[in-house]
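These notes are about the structure you will find just below.
All values derive from a computational prediction rather than experimental measurement. So that the names make sense, note that chain A is the first sequence line, chain B the second, and so on, each numbered from 1.
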Number of protein chains: 2
Amino acid sequence: MADIHTVAKEAGVSVATVSRVLNNHPSVSLKTRRKVEEVIEKLKYEPNMLGKSLRSSQSRLLLALIPNISNPFYAKVVSGIESVAKANRYNIMLCTTDSNPERELLYYDMVKKKLAEGLISIDPSSEFYEMLTTTNRYPVVICGEHVGNDHAPCVSIDNAKAAYKAVKHLIALGHRKIALVNSNIYTAGLRQQGYLKALEEHGIEVNPRWIAHADLNFENAQQDVRELLMTEDRPTAVFAVSDTIAISVLKAAKDLDIKVPEELVVSGFDNIDFSSVMNPTLTTISQPMFEMGSHSAAMLFKRIADRSAAIKNVILDHDLIIRESTMNY
Amino acid sequence: MADIHTVAKEAGVSVATVSRVLNNHPSVSLKTRRKVEEVIEKLKYEPNMLGKSLRSSQSRLLLALIPNISNPFYAKVVSGIESVAKANRYNIMLCTTDSNPERELLYYDMVKKKLAEGLISIDPSSEFYEMLTTTNRYPVVICGEHVGNDHAPCVSIDNAKAAYKAVKHLIALGHRKIALVNSNIYTAGLRQQGYLKALEEHGIEVNPRWIAHADLNFENAQQDVRELLMTEDRPTAVFAVSDTIAISVLKAAKDLDIKVPEELVVSGFDNIDFSSVMNPTLTTISQPMFEMGSHSAAMLFKRIADRSAAIKNVILDHDLIIRESTMNY
DNA sequence: CTGAAAGCGCTTACAG
DNA sequence: CTGAAAGCGCTTACAG
């Protein structure tokens, strides 16, 4: 593969001139430019990014960390990130972590090692989250959670309040046997707070057997949820901390011949695309996914430009979307 | 940020020695190693990957291109890729393309520019696909399609045959008014061939009005599909080239009060997780997603190791999975 | 408008 | 077991 020296020699100019042509430096004469471009074309020369990035110490590359690609929620957030990155002529690369701290660290290392200039972590694991808020020294933004400090600014909705609102809705429908299906994402804790607060406000005692924990994977989640629904004294309402879990609840209910919403009402969280095509369609909380992404990216760019900039956390609005799974008949 | 020289000076050794410690070179004395490690720790030194990659001309990084992250099908393929990459101590980065040739080229450029050593393209756009099969000079593997040549080896199932099998199944149920819902992925063409072949074999005339085209996005797809179902002489069976489209068909049918499977049977393609939690559950074609990914990665490594290696295309098995959406009542 | 030269942060024969 | 030095492929003041 040709390098910049080969091109320079072939074109009868210095490597400095080739570099200037490559970077559209205005000082190159049209004639020289033409000749160099011709040689570049002829030799099919491709500039080596490693040399360029090393020298200029910028890769114009950002990382977006997501737990998995199965949850369509993340797709929307990422497209928000991409739109801002594009406007700044940066590329973004997607990294799936499976909520595995080791893998998160691996990508964080790529920032340390200068392969990328910064990173946005969407729904980080609690371990990674802890690390970021205590020892982080690199450009990082957390998306989907709002506890934070100077080590890593955050973009999120008010998760506790959103959960509170969803559970209030279930209570308003007349339910008092309300289950929570939790998961291992960090925000789940805040959503649980909202759930507890709503119950407390209405004097509903918390039944520990109705606080379940489910995997984000469908097959596992269905098994987890089935146990909850098969108990003698089963709940009449379920609040799940994620739509994928709520969809597993719908499926498990169908398998157990429990009618939704007649015998069981269900609320999810996230408003993923699939939630509106389910049968019944799913009540859920809608987060401003695109905006969460674009805000995160904007904050990251601020941090990259000024490592000591004071960046305010951003809390965005959310909506309760009522659909068939909690319709009153 | 400290660099290798700072560490060397502080430890009272040469940069060569620091480098050796970094790379676990066995020739370093225990005492020296200890001292260097101490300084690395103290200075929180992080080796710069750009310098390392430039010098050693390997980044140990692979790219996996997927059209979008909304389709859970890709998640499984990617995890197959990751398992093989991990075994080779390579990292993989996910890139979403929206089936946009420009974006595909952008990531291809990262390979050209040495940021990554190779690339696996899952369901490439036809433009990108053409480019790869004619002018590609870099380590690339195509996943999801099997036409190919020496420029880019491929891993796939026999898409035409799988579609043929699915449509045969619809015919066996007694249907003759069978619609095809197509999309813009490259494999769609092959799946259409299978559809046509099955009809032809059974002397069923092709009705052009029953060959529809849908976007892979839910909202758009539902609109596209609705038109098909609202015609006077509507089909009684639908074969969709992707599960996400088939799910849109289920949703549109529900909205139009058309009972599935009683008044309309539906088959999808891909066997994504959601297909089994739909109501009714979705008949579909299952591809060996994980294996498709792991084979692709293995082929890519072969190509990286030997740029002129002859690599055979791989065609894997598939299964027709019959579920409620085509049950006979 | 163009070139010679220094340097980005590493690795690796080579010599001792 | 260790170091001096060359070099990976670029960019960018500096000088002319």
Side-chain angles (χ1 to χ4, degrees), chain A residues 1-40 43-61 89 109-117 138, chain B residues 1-40 43-61 89 109-117 138:
Chain A
M1 252 5 82
D3 68 0
I4 200 170
H5 286 99
T6 328
V7 175
K9 186 177 287 179
E10 181 80 14
V13 298
S14 73
V15 293
T17 299
V18 176
S19 175
R20 291 193 187 98
V21 171
L22 252 21
N23 294 290
N24 290 313
H25 207 283
S27 74
V28 184
S29 79
L30 190 64
K31 196 174 151 220
T32 309
R33 178 179 300 276
R34 287 259 185 282
K35 189 164 51 176
V36 172
E37 280 168 347
E38 212 167 84
V39 174
I40 287 174
L43 263 43
K44 297 199 186 312
Y45 164 67
E46 293 289 342
N48 183 322
M49 204 63 161
L50 297 171
K52 176 173 177 143
S53 295
L54 177 59
R55 175 60 224 236
S56 61
S57 55
Q58 54 169 289
S59 59
R60 303 195 85 79
L61 186 62
R89 295 181 303 114
D109 270 356
M110 302 185 78
V111 176
K112 286 185 177 176
K113 293 174 181 162
K114 308 288 185 243
L115 270 181
E117 293 181 42
Y138 297 88
Chain B
M1 255 357 90
D3 69 0
I4 200 171
H5 286 99
T6 327
V7 175
K9 186 175 290 179
E10 181 81 15
V13 299
S14 72
V15 294
T17 299
V18 177
S19 175
R20 290 194 187 99
V21 171
L22 253 21
N23 294 290
N24 289 314
H25 207 284
S27 74
V28 184
S29 78
L30 191 63
K31 194 175 151 218
T32 309
R33 177 180 301 275
R34 286 261 185 281
K35 188 165 50 173
V36 172
E37 280 168 348
E38 212 167 84
V39 173
I40 287 175
L43 263 42
K44 296 198 187 312
Y45 164 67
E46 293 288 342
N48 183 322
M49 203 63 161
L50 297 171
K52 175 174 178 141
S53 294
L54 177 60
R55 177 57 225 236
S56 61
S57 54
Q58 52 168 291
S59 59
R60 302 194 86 79
L61 186 62
R89 295 182 301 113
D109 270 357
M110 301 185 79
V111 176
K112 285 186 178 176
K113 292 174 182 162
K114 308 288 185 244
L115 270 181
E117 293 182 43
Y138 297 88

Without decimals, in angstroms, what is the distance between [X] [atom1] and [N] [atom2]?
{"X": "B:His5", "N": "C:dA6", "atom1": "NE2", "atom2": "C1'", "value": "14 Å"}
{"X": "A:Leu50", "N": "D:dG9", "atom1": "CG", "atom2": "P", "value": "10 Å"}
{"X": "B:Arg55", "N": "D:dC8", "atom1": "CZ", "atom2": "C1'", "value": "6 Å"}
{"X": "B:Glu46", "N": "C:dG9", "atom1": "CD", "atom2": "P", "value": "14 Å"}
{"X": "B:Gln58", "N": "D:dG9", "atom1": "CD", "atom2": "P", "value": "14 Å"}
{"X": "B:Met49", "N": "C:dC8", "atom1": "CE", "atom2": "C1'", "value": "17 Å"}
{"X": "A:Tyr45", "N": "D:dG9", "atom1": "OH", "atom2": "C1'", "value": "7 Å"}
{"X": "A:Asp3", "N": "D:dT11", "atom1": "CG", "atom2": "P", "value": "12 Å"}

- prompt: Under 3.5 Å, side chain of B:Asn48 to main-chain N/O of B:Leu50, donor-acceptor pair present?
  reply: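 Present.
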- prompt: Expressed as a whole number of Å, how far does the P atom of C:dA13 sit from that of C:dG9?
  reply: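 Their P atoms lie roughly 23 Å apart.
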- line: Note, DNA chain C 5' to 3' with Watson-Crick or G-U pairs under 3.5 Å encoded as ( ), [ ], | and . gives |||.||||||||.|||
task: Please name the pair of heavy atoms, one in A:Leu115 and one in A:Leu61, separated by the smallest distance, quoted to 0.1 Å.
output: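 For A:Leu115 versus A:Leu61, the nearest heavy atoms are O-CD2, 3.5 Å.
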task: For the side chain of A:Val13, starting at C-beta, report the closest nucleotide among C:dG3, D:dT11, C:dC10.
output: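 The answer is C:dG3, which lies nearest to the side chain.
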A:Ser14 side chain, from C-beta outward: closest of D:dG3, C:dG9, C:dG3: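 The nucleotide sitting nearest to the side chain is C:dG3.
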field: Residues from residues 16-34 of chain B lying under 4.0 Å of DNA chain D - heavy atoms
entry: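 Correct list: B:Ala16, B:Thr17, B:Arg20, B:Ser27, B:Val28, B:Ser29, B:Thr32.
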field: B:Ser56: partners by side-chain hydrogen bond (donor to acceptor under 3.5 Å, both in side chains), with sequence neighbours left out
entry: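 Scan of B:Ser56 (side-chain hydrogen bond (donor to acceptor under 3.5 Å, both in side chains), adjacent residues dropped) gives none.
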message: I'd like to check the side-chain hydrogen bond (donor to acceptor under 3.5 Å, both in side chains) partners of B:His5; sequence neighbours left out, ordered by chain and number.
response: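 So B:His5 forms no side-chain hydrogen bond (donor to acceptor under 3.5 Å, both in side chains) with any residue.
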query: Is there side-chain contact between A:Val21 and A:Thr32, with heavy atoms separated by less than 4.5 Å?
result: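 A:Val21 vs A:Thr32: side chains apart.
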Gap separating the CG atom of B:Leu54 from the NZ atom of B:Lys114, nearest 0.5 angstrom: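 So the gap between those two atoms works out to 11.5 Å.
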query: What's the spacing between A:Lys113 NZ and A:Ser59 OG if we round to 0.5 Å?
result: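 Going from the NZ atom of A:Lys113 to the OG atom of A:Ser59 covers 14.5 Å.
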Contact under 4.0 Å: A:Lys52 side-chain N or O vs D:dG9 OP1/OP2: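 It does not, given that no N or O in the side chain of A:Lys52 lies less than 4.0 Å from OP1 or OP2 of D:dG9.
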- prompt: Quick one: salt bridge (Lys or Arg N to Asp or Glu O under 4.0 Å) pairs with a partner in residues 13-33 of chain B, sequence neighbours left out?
  reply: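 Passing the test, one end in residues 13-33 of chain B: no pairs.
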- request: Sort and list the pairs that fulfil salt bridge (Lys or Arg N to Asp or Glu O under 4.0 Å) and have at least one residue in residues 51-60 of chain A, not counting sequence neighbours.
  value: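 Residue pairs passing salt bridge (Lys or Arg N to Asp or Glu O under 4.0 Å), neighbours aside: none found.
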